[in-house]
Each structure stands twice: as C-alpha cells, then as structure tokens.
Amino acid sequence: MSATPETRHDARPPRPGAATTPEPVTLEHVFKSYGGTQVLHGITVEFAPGSVHGLVGENGAGKSTLMKILTGVERPNAGRILVGGREISVKSPADALHHQLSIISQELATVPARTVLENVFLGAWSSRGGLLRQGQDRRRFTELCERVGFQLDPDRQVGTLTIAEQQQVEILRAVSRGSRLIVMDEPTAVLTTSETQALLALIRRLAADGVIVILVSHFLEEVLAVCDTVTVLRDGRHILTEPAEQHTPDSLVAAMAGRSLELLFPELPELAEDAPVVLEARGLSRGQAV
Ligand SMILES: Nc1ncnc2c1ncn2[C@@H]1O[C@H](COP(=O)(O)OP(=O)(O)OP(=O)(O)O)[C@@H](O)[C@H]1O
Ligand SMILES: [Mg+2]
C-alpha cells in the first residue's frame with residue numbers, strides 16, 4: 001500500500017456521507033484460530049453494494065471475529081479481502097478506514113472525556129486535536145445530523161450521553177468518513193423499541209445511498225425485516241448466503257442449529273379415528289391443577 005498513515009489523516013475526508021463508488025466487498029477463504037482453536041474455517045462471502053446484509057449464528061459461531069477481520073481489528077491466519085474484485089491490505093483499523101470499512105462494535109469506542117464533535121471528526125486514535133477546524137467541522141456536523149436524523153449537541157461530553165446516543169456518535173463518525181461498508185455488531189441489544197425502529201430506518205436509508213450495512217443480530221425478526229440478504233454461520237463455517245425473503249425465523253434457527261426444525265421439535269403423527277385406546281383415566285385430580 002502506498003499511502004502512509006500520516007497522508008491518510010491529512011487527506012480531506014469525503015463530504016458527509018459522500019458515496020464512494022458502490023462496489024461489492026468480498027471476504028475470501030478466511031481462516032482464524034486462537035491458540036490451537038480454529039474459530040473460522042475458510043469463510044467466503046460477498047456483500048453487495050446498497051444492501052443490508054444480516055449475519056446470524058449461535059453464540060460463538062464466529063460472527064464478531066469475522067467482522068473484526070473485515071475491519072482490521074483482528075488479523076486472519078489466511079484469507080483475502082477484496083473491494084470491487086481487487087485485493088486490499090487490511091492490517092489495522094486505520095487500513096480498514098482508509099478503504100472505507102467501519103465497524104460499530106458491541107464494545108463502543110468513543111472517548112468519554114471528549115465532546116461529540118471531537119469524537120465524530122477526530123476518531124479515537126487520531127492526534128489532530130489542536131488543529132480541529134471548528135467552523136468547517138460544525139457545518140459538516142449539522143449536515144450530517146440532518147442527513148441521518150440525529151439530534152446531538154456537538155459540545156456535550158460523550159461520557160455524559162446515554163448508550164444509544166454514544167452509538168449515534170459512532171454512526172456519525174462512520175458516515176462522516178464516507179464509509180462504503182458499516183458493520184453494526186448487535187446494535188439494537190442496548191436500544192429501546194423506538195430507538196431500534198429509528199436505527200433500522202436509518203440502516204435502510206444508508207443502504208439506499210449505496211452503503212453496505214452488515215447487521216449482526218440475534219433478533220431474527222429484526223434481521224428479516226430490514227435485510228435483503230442473510231448469511232448464516234455455524235461453528236465457524238459458512239452455511240448459507242441467501243435472499244432474506246426466502247427465510248423465516250424458524251428456517252434461520254434451523255440453519256444456525258444445523259438440524260431441521262422437525263428434528264428439533266418433531267411433529268407428532270395425527271391419530272387415526274379408530275386408533276386403539278392405550279390409556280384411559282377417569283376422576284383424576286391434583287388439587288387445583290388437574
Ligand atoms: N480473543 C479471543 N481469544 C480466544 N478465543 C476467542 C477470542 N475471540 C473469540 N474467541 C472464540 O472464537 C469463537 C467465535 O467467537 P465470536 O465472538 O466471533 O462469536 P460470535 O458469533 O460473535 O458470538 P456471540 O453471538 O456470542 O457474539 C468463540 O468460540 C470464542 O470463544
Ligand atoms: Mg459477537
């Protein structure tokens with residue numbers, strides 16, 4: 001890669017939410033082990049531009065690990081990341097940001113002692129503090145908030161915000177960087193019902209602008225309501241990537257568990273009218289219960 005981290009920070013970030021050329025992002029043959037334990041066994045999956053892509057699987061299936069690899073938080077043992085068919089090098093979160101790949105993790109990454117404005121434009125690891133171009137950044141901040149429909153005070157200290165508001169700060173940061181792909185790992189687990197509805201609506205708007213949104217969630221109805229495509233992982237293996245409309249919560253549960261629902265909850269055969277009586281009881285009682 002030719003650009004150094006310094007030139008990247010100096011490069012003017014794209015206009016708020018300016019769509020980079022919409023291109024597919026692909027993970028190819030991704031392997032990951034921790035110590036002796038293999039947690040990802042050669043995962044290949046393509047994310048289409050402008051789509052909301054659900055990523056589901058049971059606890060420990062490897063969803064977060066795969067998304068951390070996609071966004072430079074973790075390094076794979078093998079495998080490639082491609083944008084528009086060209087391999088990119090993602091060795092750190094800064095590399096991922098350079099390629100407009102962002103993640104909003106289960107563990108939020110805001111700086112509590114800094115203001116909302118600083119958190120949105122500085123990024124957690126940038127050192128541009130003294131050079132903040134206040135006027136310009138405030139205008140961009142207002143534009144951004146209008147675009148995504150958030151009402152945040154730019155001067156509030158982030159540590160005083162609710163979790164939902166801190167999540168909004170991270171979303172603003174990802175959108176302000178012109179992200180082509182935004183991973184949201186269990187974003188609604190910490191939200192109320194109305195906050196969840198607002199976030200799902202925003203996810204759809206981002207996708208309509210060409211962004212790839214990957215939604216990792218245990219709430220299968222929510223996934224099916226908002227996603228175009230759904231990928232199921234099981235024990236670190238890719239099970240399926242299919243249009244969401246082909247699925248129901250039950251079919252996803254079955255794919256996640258690796259057994260058909262019939263095996264999980266076998267259906268009992270219907271009784272024939274003339275079936276012989278094998279047990280008959282009269283006058284059975286047990287207090288109020290029977
Ligand atoms: N830093 C780590 N060191 C060792 N093992 C890890 C580490 N991170 C994850 N694992 C293991 O890798 C496997 C996949 O974990 P991962 O967090 O990716 O699953 P997940 O699908 O996101 O699960 P959840 O739904 O619970 O968030 C698990 O067995 C987990 O214990
Ligand atoms: Mg996880």
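All values below were derived from every heavy atom in this structure, side-chain atoms included, with hydrogens, water molecules and symmetry-related copies excluded. One-based numbering, in listed order, for ligands and for the atoms of each.
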Report the part of Thr65 in contact with ligand 1, treating N, CA, C, O as backbone and CB onward as side chain, heavy atoms under 4.0 Å; options are side chain, backbone, both, neither.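 For Thr65, the contact with ligand 1 is made by both the backbone and the side chain.
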Identity and distance of the protein heavy atom lying nearest [atom]:
atom	answer
atom 25 (O) of ligand 1	Lys63 NZ, 2.7 Å
atom 17 (O) of ligand 1	Ser64 CB, 3.9 Å
atom 26 (O) of ligand 1	Asn59 ND2, 2.9 Å
atom 5 (N) of ligand 1	Tyr34 CD1, 3.3 Å

Around atom [atom1] of [X], are there more than 12 heavy atoms from other residues, nucleotides or ligands closer than 6.0 Å?
X	atom1	value
Gln151	CD	no
Asp228	CG	yes
Arg234	CZ	yes

What residues, two or more places apart in sequence or in another chain, satisfy side-chain contact (heavy atoms from CB on, under 4.5 Å) together with Thr196?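 Thr196 satisfies side-chain contact (heavy atoms from CB on, under 4.5 Å) with Thr188, Leu191, Leu200, Glu222 once adjacent residues are dropped.
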Which residues share a side-chain contact (heavy atoms from CB on, under 4.5 Å) with Thr192, sequence neighbours left out: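 By the side-chain contact (heavy atoms from CB on, under 4.5 Å) rule, Thr192 matches Ser194, Glu195.
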Closer than 4.0 Å: a protein non-hydrogen atom to atom 31 (O) of ligand 1: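 No; the ligand atom in question lacks any protein heavy-atom contact below 4.0 Å.
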Can you find a protein heavy atom closer to atom 14 (C) of ligand 1 than 4.0 Å?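 Yes, there is one.
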Any donor-acceptor N/O pair, Ser179 side chain to Ala174 backbone, under 3.5 Å: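 A pair under 3.5 Å: yes.
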Main chain of Val158, side chain of Arg114: is a donor-acceptor contact present, judged purely on distance under 3.5 Å?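 It does not hold such a pair.
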Yes or no: does Gly57 have any heavy atom under 4.0 Å from an atom of ligand 1?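 Gly57: no contact with ligand 1 (<4.0 Å).
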Contact between His218 and ligand 1, counting heavy atoms under 4.0 Å?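 His218: in contact with ligand 1 (<4.0 Å).
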Is Glu74 in polar range of ligand 1, meaning some N or O pair under 3.5 Å apart?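 No; the residue has no nitrogen or oxygen that sits under 3.5 Å from a nitrogen or oxygen of the ligand.
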N/O of Glu186 under 3.5 Å from N/O of ligand 1, yes or no?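 In this structure, Glu186 places no N or O atom under 3.5 Å from an N or O of ligand 1.
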Can you figure out which of Gly60, Ala189, Gly62 has its heavy atom closest to atom 29 (O) of ligand 1?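 It is Gly60 whose heavy atom sits nearest to atom 29 (O) of ligand 1.
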Could you check whether Thr110 and Asn119, counting side-chain N and O atoms only, form a donor-acceptor pair closer than 3.5 Å?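 Thr110 and Asn119 do not have a side-chain donor-acceptor pair below 3.5 Å.
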Checking side-chain polar atoms at under 3.5 Å, does His53 have a donor or acceptor matched by the opposite partner on Thr231?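 Checked: His53/Thr231 side chains pair up, N/O donor to acceptor below 3.5 Å.
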Pull out every atom of ligand 1 sitting under 4.0 Å from any heavy atom of Val39, numbered as shown with elements.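 Once the distances to Val39 are compared, the set is 11 (C), 12 (O), 13 (C).
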Listing by chain and number, which protein N, O or S atoms are under 2.8 Å from the Mg ion (ligand 2)?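 For the Mg ion (ligand 2), the protein N, O and S atoms that sit under 2.8 Å away are Ser64 OG.
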Cluster link Ile88 to Leu82, ILVMFWY, side chain under 4.5 Å: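 No: no chain of side-chain contacts under 4.5 Å links Ile88 to Leu82.
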To the closest 0.5 Å, what do you measure between OH (Tyr34) and OG1 (Thr65)?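 Between Tyr34 OH and Thr65 OG1, I get 4.0 Å after rounding to 0.5 Å.
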Restricting to salt bridge (Lys or Arg N to Asp or Glu O under 4.0 Å), what partner residues turn up for Arg80, sequence neighbours left out?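 Salt bridge (Lys or Arg N to Asp or Glu O under 4.0 Å) check on Arg80 returns Glu28, Glu87.
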